[in-house]
There are 2 protein chains.
Amino acid sequence: MSEGVEWALHSCVNLAWSGPDRAVSAARLAAWHDLPAAYLNKQLQALARAGILTSSPGPRGGFRLARPLASISLMDVVAAVEGPEEAFRCTEIRRRGPGAGDPAAEGADAADCAVAHAMTRAELAWRRALAAQNLDEIRQQAEQQAPEAAGRLRAWLAAQ
Amino acid sequence: MSEGVEWALHSCVNLAWSGPDRAVSAARLAAWHDLPAAYLNKQLQALARAGILTSSPGPRGGFRLARPLASISLMDVVAAVEGPEEAFRCTEIRRRGPGAGDPAAEGADAADCAVAHAMTRAELAWRRALAAQNLDEIRQQAEQQAPEAAGRLRAWLAAQ
DNA sequence: TGATTCTGGATATTTAGTATCCAGATTATG
DNA sequence: CATAATCTGGATACTAAATATCCAGAATCA
């Protein structure tokens with residue numbers, strides 16, 4: 001799993017803390033946690049393409065949340081950053097070499113590989129668990145641990 | 001997820017099909033599905049270190065299952081091949097840059113990052129789903145789809 | 001004794017992830 | 001209108017991890 005997921009999740013919470021009326025540039029979001037600005041910008045673009053953020057160019061431009069945190073699941077963010085591919089990808093080794101069965105008997109509509117089927121089932125459990133958690137829950141827990149976090153971010157943004 | 005997981009799962013089922021009394025060399029297991037022998041050997045070594053397979057050198061040597069398929073879960077194999085690290089690893093970006101809170105206030109025993117906590121919860125669901133499935137279930141499903149698979153493998157091994 | 005095979009380390013190759021840079025388009029501000 | 005700030009997307013470079021090969025040593029069987 002790429003680091004971009006961690007950056008994206010924190011950035012979304014930071015955007016919520018920064019308030020609904022201001023856009024925050026990729027450069028400032030990156031500086032807040034000392035991340036590479038140009039690379040974080042790529043992740044934020046992916047979030048914007050996925051409809052999680054909106055973006056606007058120009059002075060006073062930047063990124064902001066496209067919808068309330070409570071309506072953004074971890075799955076939404078992971079899918080936006082990591083893409084649609086499954087972590088386990090079946091390469092159909094059972095169809096290669098002497099172990100490959102009779103191609104005619106199996107045909108194009110052969111049943112799914114039992115190994116791939118089992119791995120996919122586990123991955124679905126992971127996706128369900130991601131979809132069951134939303135960013136507002138994360139924000140609440142983070143605020144319990146550090147109630148001053150939102151205020152510090154807003155103060156720092158105002159001073160930039 | 002590395003391809004080694006797919007190879008390892010298929011190889012375990014193939015070892016079950018090859019019968020309990022014979023060891024199969026890495027070279028033959030690899031040839032059966034046209035895999036790189038030396039590299040598959042590395043995965044099999046990992047399975048042996050994890051107690052899933054046993055290995056013996058010399059002529060008539062090779063790998064065999066250390067215990068019944070039904071007592072080997074997908075989680076066992078994935079852990080053996082992929083290692084103990086979590087797919088999502090928290091790099092604690094919240095502690096870097098201006099966004100880092102007062103280090104004294106947080107200290108060494110600071111609460112877990114809310115983002116990491118949520119991602120870990122999803123990963124636990126994945127692990128549970130892997131642990132809930134064993135290799136014998138996979139073998140049974142594969143035999144339903146291709147009842148002749150075990151016989152073909154044994155015949156091919158005998159001809160080697 | 002010789003052939004077979006695992007073991008583990010060293011090394012090379014390939015791919016994916018990380019990171020930077022730039023030219024173009026858009027927009028706020030003075 | 002001119003300037004500066006910012007996103008967009010492509011091109012490119014760098015780094016780390018996965019993939020793959022090779023070899024010397026030890027164990028084992030015939």
Side-chain angles (χ1 to χ4, degrees), chain A residues 1-8 11 15 18 21-31 33-64 66 78 80-89 91 93 157 160, chain B residues 1-8 11 15 18 21-31 33-50 52-64 66 78 80-89 91 93 96 157 160:
Chain A
M1 169 131 331
S2 72
E3 250 185 293
V5 171
E6 185 183 9
W7 301 359
S11 293
L15 283 172
S18 77
D21 47 343
R22 82 160 73 219
V24 185
S25 73
R28 282 196 242 284
L29 278 172
H33 286 311
D34 197 19
L35 302 173
Y39 192 36
L40 174 65
N41 186 48
K42 294 250 182 276
Q43 322 289 352
L44 298 175
Q45 281 182 36
L47 294 177
R49 274 191 295 268
I52 295 169
L53 305 181
T54 60
S55 62
S56 49
R60 313 290 297 169
F63 295 88
R64 68 185 74 196
V78 170
V81 173
E82 293 281 276
E85 287 183 19
E86 291 192 21
F88 179 89
R89 66 193 158 95
T91 62
I93 66 173
L157 284 174
Q160 294 301 300
Chain B
M1 168 131 329
S2 71
E3 250 186 290
V5 170
E6 185 184 9
W7 301 359
S11 293
L15 283 172
S18 76
D21 46 344
R22 84 160 73 222
V24 185
S25 72
R28 284 196 240 286
L29 278 173
H33 285 312
D34 198 20
L35 301 173
Y39 192 36
L40 174 64
N41 186 47
K42 294 248 181 279
Q43 322 288 352
L44 298 175
Q45 282 183 34
L47 294 178
R49 275 191 294 268
I52 295 169
L53 305 181
T54 60
S55 62
S56 50
R60 312 292 297 169
F63 296 88
R64 67 185 74 198
V78 170
V81 173
E82 294 281 276
E85 287 182 20
E86 292 192 19
F88 179 90
R89 68 193 160 94
T91 62
I93 66 173
R96 299 210 302 258
L157 283 174
Q160 292 302 299

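No hydrogens, no waters, no symmetry mates; every other heavy atom, side chains included, goes into these values. All of these numbers come straight from a predicted model, not from anything done at the bench.
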Euclidean distance, atom CD of residue A/Q45 to atom C1' of C/dT26 [Å, nearest integer] = 14 Å

task = Let me see the working for A/S55 and A/Q45 under side-chain hydrogen bond (donor to acceptor under 3.5 Å, both in side chains), right down to the final yes or no.
result = CA-CA 8 Å; A/S55 62; A/Q45 281 182 36; over 6 Å; no

inquiry  = Starting the side chain at C-beta, find the nucleotide from C/dA19, C/dT29, D/dC7 nearest to A/R60.
reply    = C/dT29

query = Choosing from D/dG9, C/dT20, D/dA20, which nucleotide comes nearest the side chain of B/W7?
reply = D/dA20

task = Nearest whole angstrom, please: distance from the C1' of D/dC14 to the OH of A/Y39.
result = 12 Å

request  = For B/L29 and C/dC6, give me the distance from atom CG to atom C1', rounded to whole Å.
outcome  = 13 Å

query = For the pair made of CG in A/L157 and P in D/dA5, what is the distance, rounded to whole Å?
reply = 17 Å

Distance in angstrom units between A/L53 CG and D/dT6 C1', rounded = 15 Å

ask   = Any donor-acceptor pair under 3.5 Å linking the side chain of A/Q160 with the backbone of A/R28?
value = no

task = Please determine if a side-chain N or O atom of A/R49 lies less than 4.0 Å away from the OP1 or OP2 oxygen of D/dG9.
result = yes

message = Under 4.0 Å from OP1 or OP2 of D/dT6: is there any side-chain N or O of A/R28 that close?
response = yes

task = Using only side-chain N and O atoms of B/S55, determine if any of them is under 4.0 Å from OP1 or OP2 of C/dT7.
result = yes

query = Roughly, in whole Å, what's the span from CZ in A/R22 to P in D/dT6?
reply = 12 Å

inquiry  = Can you tell me if B/R22 has over 12 outside heavy atoms packed within less than 6.0 Å of its CZ?
reply    = yes

request  = Among the candidates C/dT5, D/dT19, D/dC7, find the nucleotide nearest to the side-chain atoms of B/E3.
outcome  = D/dT19

ask   = Which part of the nucleic acid does B/A23 contact within heavy-atom distance under 4.0 Å: base, sugar-phosphate only, or nothing?
value = nothing

ask   = How close or far is atom P of C/dG8 from atom CG of B/L44, stated in whole angstroms?
value = 13 Å

task = Answer yes if the side chains of B/S2 and B/E82 hold a donor-acceptor pair under 3.5 Å, and no otherwise.
result = yes

ask   = Which comes earlier along DNA chain D counting from the 5' end, the contact point of B/A37 or that of B/G58, where each point is its nearest nucleotide?
value = B/A37

inquiry  = What's the closest nucleotide to the side chain of A/P36 if the choices are C/dC6, D/dC7, C/dT20?
reply    = C/dT20

key: Working for side chain to side chain contact (heavy atoms under 4.5 Å, CB included), residues A/E3 and A/V5   = CA-CA 5 Å; A/E3 250 185 293; A/V5 171; over 6 Å; no

ask   = Where the side chain of B/S18 meets the backbone of B/L15, is there a donor-acceptor pair that is under 3.5 Å apart?
value = yes

query = Under 4.0 angstrom, heavy atoms only, what part of the nucleic acid is B/A48 near: base, sugar-phosphate, or nothing?
reply = nothing

request  = Measure from CG on A/L35 to C1' on C/dG17 and round the result to the nearest Å.
outcome  = 15 Å

key: Among D/dG10, C/dT18, D/dA20, the nucleotide that comes nearest once only the side chain of A/K42 is considered   = D/dG10

inquiry  = From C-beta outward on A/P57, which listed nucleotide comes closest to its side chain: C/dT27, C/dT7, D/dT19?
reply    = C/dT27

task = With DNA chain C as reference, determine whether A/P59 or A/M1 sits nearer its 5' end, using the nearest nucleotide of each.
result = A/M1

